[in-house]
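Shown below is the structure under consideration.
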There are 2 protein chains.
Amino acid sequence: MGRATSKRMHRCPVAAFQKMIAGKYKLRILWDLQDGQRRYGEIRSGLLRGTEGTREIAPRVLSRELKALAASGLVIRKDYAVMPPKVEYRLTPMGKSFIPVIGEIRKWGARYLAGENLSLAS
Amino acid sequence: MGRATSKRMHRCPVAAFQKMIAGKYKLRILWDLQDGQRRYGEIRSGLLRGTEGTREIAPRVLSRELKALAASGLVIRKDYAVMPPKVEYRLTPMGKSFIPVIGEIRKWGARYLAGENLSLAS
DNA sequence: CAGCATCCTGCGTGATACTG
DNA sequence: CAGTATCACGCAGGATGCTG
């Protein structure tokens with residue numbers, strides 16, 4: 001099955017949204033990329049901030065997340081094909097358009113999931 | 001009350017958000033509840049709309065989703081304790097405050113995930 | 001540095017049967 | 001009607017080692 005309809009026309013945007021951002025890191029990666037391009041290692045380190053207790057993210061996992069984001073059309077992978085390797089990821093226009101949505105999520109989450117923390121912006 | 005807060009202070013609202021809406025149906029359930037209270041069976045049937053191909057949602061799954069939503073403080077379960085059973089679920093103020101966020105998600109999803117499918121509606 | 005190959009484990013999801 | 005009890009399964013996510 002599957003076949004021609006590799007990308008289904010979702011009648012339910014919410015379901016599509018959930019699939020798109022499935023995974024622990026996708027939203028945070030997108031958010032981190034809003035400032036500009038980032039290298040693989042930068043993204044990786046960025047995901048560790050605020051999570052002292054946790055371990056390093058498995059390369060396999062991060063790799064898959066990034067591929068999925070690229071496949072969704074949210075980010076673009078730029079491989080400089082140099083040695084040592086240098087790869088940068090940046091948001092596509094579609095990805096950029098999604099940032100405000102994450103912003104809304106964060107705003108709501110800051111109020112209802114983290115107390116009356118008013119001072120955060122970022 | 002130091003740790004009286006049953007809900008942890010998440011430094012990352014996004015991560016907390018993801019946990020909160022984890023599961024295939026939570027967002028859709030919340031969205032469906034915005035019009036008012038709904039009974040268990042109504043929610044169940046509502047989740048089938050627009051998903052002709054799929055089968056009925058397993059009671060076990062829906063039950064867990066609803067419990068999780070209640071535990072998150074997004075919905076309230078009202079049990080009428082009658083025979084035959086009648087249980088209604090409705091949004092808490094916190095749950096209602098979350099509806100606009102879903103609205104943003106849907107708006108974005110309708111534009112970028114459903115193509116130029118203008119038949120958006122619900 | 002930016003991954004890929006392999007193994008392993010927990011749990012989310014589904015299907016079915018049963019109950020107050 | 002509104003669930004609970006079991007069984008089964010795929011896959012996300014982690015851990016390690018290796019490579020161009």
Side-chain angles (χ1 to χ4, degrees), chain A residues 1-2 12 14-30 32-33 37-48 51-72 75-90, chain B residues 12 14-15 17-29 32-33 37-48 51-72 75-90:
Chain A
M1 46 189 303
C12 181
V14 174
F17 161 83
Q18 283 198 317
K19 281 196 178 180
M20 195 190 71
I21 60 128
K24 281 177 67 173
Y25 309 103
K26 291 201 186 70
L27 282 182
R28 295 183 59 196
I29 292 171
L30 291 173
D32 285 350
L33 284 178
Q37 345 218 352
R38 289 224 172 174
R39 300 181 59 172
Y40 180 91
E42 293 176 330
I43 296 174
R44 188 177 196 179
S45 338
L47 290 172
L48 296 176
T51 62
E52 300 78 26
T54 49
R55 303 161 175 57
E56 288 262 324
I57 174 175
R60 164 180 161 70
V61 176
L62 180 53
S63 179
R64 194 201 296 160
E65 300 275 271
L66 289 168
K67 274 182 183 171
L69 286 173
S72 299
V75 307
I76 286 196
R77 197 187 105 114
K78 222 191 310 188
D79 192 334
Y80 287 81
V82 294
M83 200 57 186
K86 175 179 177 182
V87 180
E88 284 184 343
Y89 294 86
R90 62 179 176 80
Chain B
C12 181
V14 174
F17 161 83
Q18 284 199 317
K19 281 196 178 181
M20 195 190 71
I21 60 129
K24 281 177 66 173
Y25 309 102
K26 292 202 185 69
L27 283 181
R28 296 181 59 194
I29 292 171
D32 285 351
L33 284 178
Q37 345 217 352
R38 290 223 171 176
R39 300 180 59 173
Y40 179 91
E42 293 175 328
I43 296 175
R44 187 177 197 180
S45 338
L47 289 172
L48 296 177
T51 62
E52 301 78 26
T54 49
R55 323 186 188 304
E56 288 261 325
I57 174 175
R60 165 179 161 70
V61 176
L62 180 54
S63 178
R64 197 202 299 163
E65 300 276 88
L66 288 168
K67 275 182 183 172
L69 286 172
S72 299
V75 307
I76 286 196
R77 197 186 105 115
K78 223 190 310 188
D79 192 335
Y80 287 81
V82 294
M83 201 56 187
K86 176 179 178 182
V87 181
E88 283 183 341
Y89 295 87
R90 63 178 175 81

Task: Whichever of A:Ala58 and A:Met83 has its nearest DNA chain D nucleotide further upstream toward 5' - done: A:Ala58
- [ ] Side-chain contact test, heavy atoms from C-beta onward, threshold under 4.5 Å: evaluate it for A:Gln18 versus B:Ile21 and give yes or no.
- [x] yes
Open item on the list: Just so I know, are the side chains of A:Leu69 and A:Tyr89 near enough to count as touching, which here means a heavy-atom distance under 4.5 Å?
Closed with: no
- [ ] Identify the heavy atoms of A:Ile57 and A:Arg44 that sit nearest to each other, and give their distance.
- [x] O-NH2, 3.1 Å
- [ ] Tell me, please, the opening and closing nucleotides of DNA chain C, 5' to 3', among those with an atom under 4.0 angstrom from a non-hydrogen atom of chain B.
- [x] C:dG12 to C:dG20
Open item on the list: List the residues meeting side-chain contact (heavy atoms from CB on, under 4.5 Å) with B:Pro85, not counting sequence neighbours, and say none if there are none.
Closed with: B:Met83
Task: Contact list for residues 75-85 of chain A, test side-chain hydrogen bond (donor to acceptor under 3.5 Å, both in side chains), sequence neighbours left out - done: A:Gln37-A:Lys78, A:Arg77-A:Asp79, A:Tyr80-A:Glu88
Task: For A:Lys26 against A:Ala68, the heavy-atom pair lying closest together - done: CE-CB, 3.5 Å
- [ ] Assess whether atom NZ of B:Lys19 is packed by more than 12 heavy atoms of other residues, nucleotides or ligands within 6.0 Å.
- [x] no
Task: Bend angle of the helix from C:dC1-D:dG20 to C:dG20-D:dC1, end axes from five pairs each (to 10°) - done: 50°
Open item on the list: Let me confirm one number: the CG-CZ distance from B:Leu66 to B:Arg38, rounded to the nearest 0.5 Å.
Closed with: 12.5 Å
Task: Smallest separation among heavy atoms of B:Glu65 and B:Ala22, with atom names - done: OE1-O, 3.9 Å
Open item on the list: Are B:Ile43 and B:Asp32 packed together at the side-chain level, in the sense that at least one heavy-atom pair is separated by less than 4.5 angstrom?
Closed with: no
Task: Reading 5' to 3' through nucleotides 2-8 of chain D, protein heavy-atom contacts under 4.0 Å coded B for base, S for sugar-phosphate only, - for none - done: SBB-B--
Task: B:Leu47 to B:Arg28 - nearest heavy-atom pair and separation - done: O-NH2, 3.1 Å
Open item on the list: Using whole Å, what does the distance between atom P of nucleotide D:dA15 and atom CG of A:Leu62 come to?
Closed with: 14 Å
- [ ] Within residues 17-28 of chain B, find the residues that approach DNA chain C with a heavy atom at under 4.0 Å, and present them sorted by residue number.
- [x] B:Gly23, B:Lys24, B:Tyr25
